[in-house]
Amino acid sequence: MPESRQVAPRRPQQRAVRRREALLDAAVDLLGEGGFAAVTHRAVAGRAALPLAATSYYFSCRDQLLAEAFALLVERELARMRAAVRQPTGRSAAAVAEALTDVYATDRLRELGLWELYLQAGRDPALQAVARAWTDGCDEIVASALRGAGYPCGHSEVRFVAALLSGLWVEDVVEARADSRDRARDAVTRALTTLQTPAGGHP
């Protein structure tokens with residue numbers, strides 16, 4: 001009896017992979033430029049220079065397209081932040097605050113799109129897993145910075161600093177104040193100083 005031969009599963013066609021990636025790239029760009037409302041099937045297809053039918057072929061609905069674009073945006077932003085974290089020039093609260101606030105403020109329009117979808121996750125359960133991945137990733141970056149500078153980096157300390165940074169970051173991208181970086185640096189310096197201070201004592 002002839003030996004049966006197993007057929008290896010076909011790998012996705014490279015053309016299809018490239019098209020899907022182009023659509024997601026286009027959606028991420030539109031999120032950064034115009035936020036949640038800018039991401040429509042028509043706009044994404046136009047930006048990717050692909051037929052309108054391509055978006056419905058690869059993404060069953062706009063919600064799926066938004067969720068995957070949000071995930072890609074978070075992945076890229078966290079990768080950028082991890083690469084940008086530098087060892088502070090010293091262990092002082094001011095030096096560590098400088099390093100953290102530099103990492104947390106770059107492209108305002110892209111970050112507006114990111115935070116807009118983060119808030120939208122409060123209404124859309126499909127986005128919540130991505131929102132949590134964003135928070136967890138930011139916590140990891142803060143923990144790494146605190147650990148590297150010799151600061152306490154337990155869960156409560158990391159959440160304290162990361163939540164402060166996130167609030168300051170949202171304030172910055174929304175209000176666009178000229179002195180927002182200085183205000184953030186001062187607030188984070190004060191927070192880090194409290195981590196250095198023994199309970200009931202002085203720094």
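Remember, it's a predicted structure, so these values are computed and weren't measured experimentally.
- When each of Arg19, Arg76, Arg18 is tested with Asp25 by the rule salt bridge (charged side-chain N to carboxylate O under 4.0 Å, His left out), just one qualifies, namely Arg76.
- Leu109 places a side-chain heavy atom less than 4.5 Å from the side chain of Leu112.
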Side chain to side chain contact (heavy atoms under 4.5 Å, CB included) for Leu31 and Leu114? Distances and angles first, verdict last. CA-CA 7 Å; Leu31 273 175; Leu114 189 155; over 6 Å; no
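- The shortest non-hydrogen separation linking Val44 to Leu23 is CG1-O, 3.4 Å.
- In plain terms, the two heavy atoms of Val158 and Cys153 that are nearest each other are CG2-O, 3.6 Å.
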Kindly determine whether Arg147 and Glu140 satisfy salt bridge (charged side-chain N to carboxylate O under 4.0 Å, His left out), including the steps that lead there. CA-CA 10 Å; Arg147 188 181 306 112; Glu140 290 168 11; over 6 Å; no
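- Both the sub-6.0 Å distance and the 45° axial angle are not jointly satisfied by Arg15 relative to the ring of Tyr58.
- The shortest distance between side-chain heavy atoms of Leu78 and Cys138 falls below 4.5 Å.
- Here the side chain of Gln64 pairs a donor or acceptor atom with the backbone of Ser60 at under 3.5 angstrom.
- Each of Phe59 and Leu52 belongs to its own hydrophobic cluster when Ile, Leu, Val, Met, Phe, Trp and Tyr are linked at side-chain heavy-atom distances under 4.5 angstrom.
- In this structure, Arg62 CZ and Thr40 OG1 are separated by 7.5 Å, a value rounded to the nearest 0.5 Å.
- Here the closest non-hydrogen pair linking Ala97 and Val188 is CB-CG1, 3.7 Å.
- Considering only residues two or more places apart in sequence or on other chains, Glu21 meets the side-chain hydrogen bond (donor to acceptor under 3.5 Å, both in side chains) condition with none of them.
- Pairs engaging residues 150-159 under the side-chain hydrogen bond (donor to acceptor under 3.5 Å, both in side chains) rule: Asp139-Arg159, Tyr151-Gln196 [sequence neighbours left out].
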Carefully, step by step, assess Val170 and Leu119 under the rule side chain to side chain contact (heavy atoms under 4.5 Å, CB included). CA-CA 11 Å; Val170 172; Leu119 291 174; 5.8 Å; no
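- Ring-plane geometry between Trp134 and Trp169 is classed as tilted, the angle between the planes lying from 30 to 60 degrees on a 0 to 90 degree scale.
- Within the model, atoms CG of Asp172 and CD of Glu111 stand 7.5 Å from one another, a figure rounded to the nearest 0.5 Å.
- At a threshold of 4.0 Å, the pair Arg181-Asp102 counts as salt-bridged, since one of the basic side-chain nitrogens sits closer than that to a carboxylate oxygen.
- Shortest non-hydrogen contact noted between Pro152 and Leu146 is O-CD1, 3.7 Å.
- Among residues two or more places apart in sequence or in another chain, the side-chain hydrogen bond (donor to acceptor under 3.5 Å, both in side chains) test is passed with Arg82 by none.
- With a 4.5 Å cut-off on side-chain heavy atoms, Phe70 and Val28 do not count as touching.
- When only modelled atom types and interatomic distance are considered, Gln120 and Glu116 share no side-chain donor-acceptor pair under 3.5 Å.
- What you find for Val96 and Ala149 is that their closest heavy atoms are CG2-CB, 3.6 Å.
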Please test Asp182 against Arg185 for salt bridge (charged side-chain N to carboxylate O under 4.0 Å, His left out), starting from the C-alpha separation and ending with a verdict. CA-CA 5 Å; Asp182 293 335; Arg185 191 183 300 115; 2.8 Å; yes
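- Pro51 has its side chain out of reach of Tyr57: every pair of non-hydrogen atoms, C-beta onward, lies at least 4.5 Å apart.
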Between Arg177 and Glu171, does a salt bridge (charged side-chain N to carboxylate O under 4.0 Å, His left out) hold up when you go through it step by step? CA-CA 9 Å; Arg177 297 182 189 230; Glu171 181 182 279; 5.2 Å; no
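- Using a 4.5 Å cut-off on side-chain heavy atoms (C-beta onward), Arg47 and Leu30 make contact.
- With hydrogens and angles ignored, the 3.5 Å screen pairs a side-chain donor or acceptor of Thr194 with a backbone N or O of Ala191.
- The shortest non-hydrogen separation linking Ala48 to Ala22 is CB-O, 3.8 Å.
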